[in-house]
Amino acid sequence: MAMTLRLSEHDDRLLAALAEAEGVSKHEAAVRAIRDAGERRLHRQQVRQASAAHREKYADLLDRLGR
């Protein structure tokens with residue numbers, strides 16, 4: 001899907017620096033940054049959910065260990 005990305009001058013300079021550092025086009029650098037951010041966010045969400053589920057499941061054990 002085509003999309004126009006409008007960046008401030010500062011953001012454009014950052015994207016250009018990122019692209020140069022990675023040896024890729026600005027388009028590829030933007031795609032990689034989006035994927036990276038999305039995967040990190042989803043991972044954090046999954047860890048939070050797993051942590052909450054396990055804290056509930058092992059609440060008695062955690063309470064005893066805390067004493």
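Quick caveat: nothing in here was measured; it's all calculated off a predicted structure.
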Leu15 to Ala29 - nearest heavy-atom pair and separation: CD1-CB, 3.8 Å
Residues, nucleotides or ligands: over 12 heavy atoms within 6.0 Å of Gln49 CD: yes
Nearest non-hydrogen partners of Arg55 and Ser51, listed with the distance: NH1-OG, 2.5 Å
From CA spacing to verdict: side chain to side chain contact (heavy atoms under 4.5 Å, CB included), Lys26, Asp12: CA-CA 9 Å; Lys26 289 187 345 182; Asp12 186 58; 2.7 Å; yes
Spatial distance of atom CG (Leu5) from atom NE2 (His27) [nearest 0.5 Å]: 10.5 Å
Within 6.0 angstrom of Glu20 CD, more than 12 heavy atoms from elsewhere: no
Straight-line distance of Asp36 CG to Arg41 CZ, nearest 0.5 Å: 13.0 Å
Atom pair CZ/CZ of Arg32 and Arg35 - distance to nearest 0.5 Å: 9.0 Å
CA sep, side-chain torsions, deciding dist, call: Asp60, Arg64, salt bridge (charged side-chain N to carboxylate O under 4.0 Å, His left out): CA-CA 6 Å; Asp60 291 338; Arg64 284 182 281 155; 5.9 Å; no
CZ (Arg44) with more than 12 external heavy atoms under 6.0 Å: yes
Nearest-0.5 Å distance, NE2 of residue His54 to CG of residue Leu62: 10.5 Å
